[in-house]
Amino acid sequence: MIYLSPSLLSADMSRLAEAVDVIADTADYVHCDVMDGHFVPNLTFGAPVVEAVKRISVLPLDVHLMIEAPSRWINDYIKAGLDTNDFLTFHVETEAESEEVIERIRDSGVRPGIAVKPGTGFDEFKHLIGIVDQVLIMTVEPGFGGQSFMRDKLEKATLTRSVSSSVVIGVDGGIDEETAPEAVRAGANLLVAGTAVYGGNDPTLALRRLRASVETV
Ligand code: DX5
Ligand code: ZN
């Protein structure tokens with residue numbers, strides 16, 4: 001099973017509810033990119049918007065925190081109504097005490113995930129793979145949609161898969177019909193796509209094509 005997780009970052013923010021609705025039948029998750037203007041040089045939205053998306057979405061959320069000091073903020077996201085079907089993912093580069101953050105997310109009844117920047121090596125996060133539900137491998141520098149795919153980062157998906165057959169492995173950045181099959185072949189089973197889904201005028205068709213591209217991999 002390959003999960004598709006369209007990123008709202010590329011959606012029309014003035015019509016967020018429509019963007020969530022239009023993918024309801026073709027996607028598996030709604031990917032919410034939270035950026036704080038510190039961990040990444042861009043600013044998007046925070047817990048109140050995640051709460052609103054959770055309220056209207058029939059799909060589970062895949063919340064990707066690109067924020068400094070996530071331990072200080074995760075409670076706000078848990079209180080936004082996330083449950084056992086939703087992922088709450090933070091960057092390992094931000095925390096010395098990643099295990100503790102993971103445990104707090106798990107104890108709150110939400111699925112913990114870790115995200116890794118392109119420059120973060122496998123050895124820096126491999127000890128966490130067994131205690132999370134998702135490893136999100138960035139194939140662009142976090143911060144912006146529409147960047148080109150860094151294919152050499154897929155090696156981390158393969159290494160992650162070699163130590164866990166059950167963890168969800170997400171790939172985020174530059175995913176389209178061309179790169180999605182490469183990511184799946186490398187061991188990924190969750191594909192985040194912003195531009196490829198919302199960049200055109202038919203997100204539903206784009207999702208169908210994305211799914212078709214990985215069907216025979
Ligand atoms: C980038 C975000 C991604 C972004 C991907 O920091 O984490 O989720 O939306 O956008 P595309 O698919 O356009 O590369
Ligand atoms: Zn993301």
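Remember, it's 1-based here, ligands and their atoms both numbered in the order they're listed.
Contact annotation for Ala193 and ligand 1: only backbone heavy atoms (N, CA, C, O) come within less than 4.0 Å of the ligand.
The shortest N/O to N/O separation between Gly146 and ligand 1 falls below 3.5 Å. Inclusion of Thr195 in the set of residues having an N or O under 3.5 Å from an N or O of ligand 1 is warranted. At under 3.5 Å, a nitrogen or oxygen of His64, whether backbone or side chain, sits near a nitrogen or oxygen of ligand 1. Ligand 1 has no nitrogen or oxygen under 3.5 angstrom from a nitrogen or oxygen of Glu141. For ligand 1, one of its N or O atoms has an N or O atom of Gly194 under 3.5 Å away. Taking distance alone, with nitrogen or oxygen atoms compared against 3.5 Å, Gly174 approaches ligand 1 more closely than that limit. Looking at Ile175 next to ligand 1, no N or O pair under 3.5 Å apart turns up.
Looking only at side-chain heavy atoms (C-beta outward), Val34 and Val63 come within less than 4.5 Å of each other.
With respect to the Zn ion (ligand 2), Asp172 has OD2 as its nearest N, O or S atom.
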Passes side chain to side chain donor-acceptor pair (under 3.5 Å), Glu100 versus Ser71? Steps please. CA-CA 9 Å; Glu100 204 180 303; Ser71 60; over 6 Å; no
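Of all atoms in ligand 1, listed by their number and element, those nearer than 4.0 Å to a heavy atom of Leu9 are 4 (C), 9 (O). Atom numbering of ligand 1 starts at 1 in the shown order; those under 4.0 Å from a heavy atom of Ser7 are 8 (O), 9 (O). Atoms of ligand 1 found under 4.0 Å from any heavy atom of Met35 (numbered from 1 in listed order, with element): 6 (O).
Scanning the protein heavy atoms around atom 10 (O) of ligand 1, the nearest turns out to be Gly145 CA, 3.5 Å.
Residue contacts with ligand 1: Gly143 is included, with a non-hydrogen atom under 4.0 Å away. The closest approach between Phe144 and ligand 1 falls below 4.0 Å for a heavy atom of the residue.
Around the Zn ion (ligand 2), the angle linking Asp33 (OD1) with His64 (ND1) is 90°, rounded to 10 degrees.
Exactly one of Leu191, Leu154, Asn189, Leu190 qualifies for a side-chain contact (heavy atoms from CB on, under 4.5 Å) with Val184. That residue is Leu191. Residue Leu136 forms a side-chain contact (heavy atoms from CB on, under 4.5 Å) with just one option from Asp62, Val192, Val171, and that option is Val192.
No side-chain N or O of Asp33 forms a donor-acceptor pair with one of Thr44 less than 3.5 Å apart.
Remark: among candidates Thr89, Val40, Asp172, Asp62, the nearest residue to atom 7 (O) of ligand 1 is Asp172, based on non-hydrogen atoms.
Taking 4.0 Å as the cut-off between side-chain N and carboxylate O, Glu93 and Lys117 do not count as a salt-bridged pair. Lys126 and Asp123 are joined by a salt bridge, as a carboxylate oxygen and a charged side-chain nitrogen come within less than 4.0 angstrom of each other. One finds no salt bridge joining Arg111 and Asp86 here, because no Lys/Arg side-chain nitrogen approaches an Asp/Glu carboxylate oxygen to under 4.0 Å. Between Glu215 and Arg211 no salt bridge is recorded (no basic side-chain N to carboxylate O distance below 4.0 Å).
Counting non-hydrogen atoms of other residues, nucleotides and ligands closer than 6.0 Å to CG of Asp25 gives a total of 12 or fewer.
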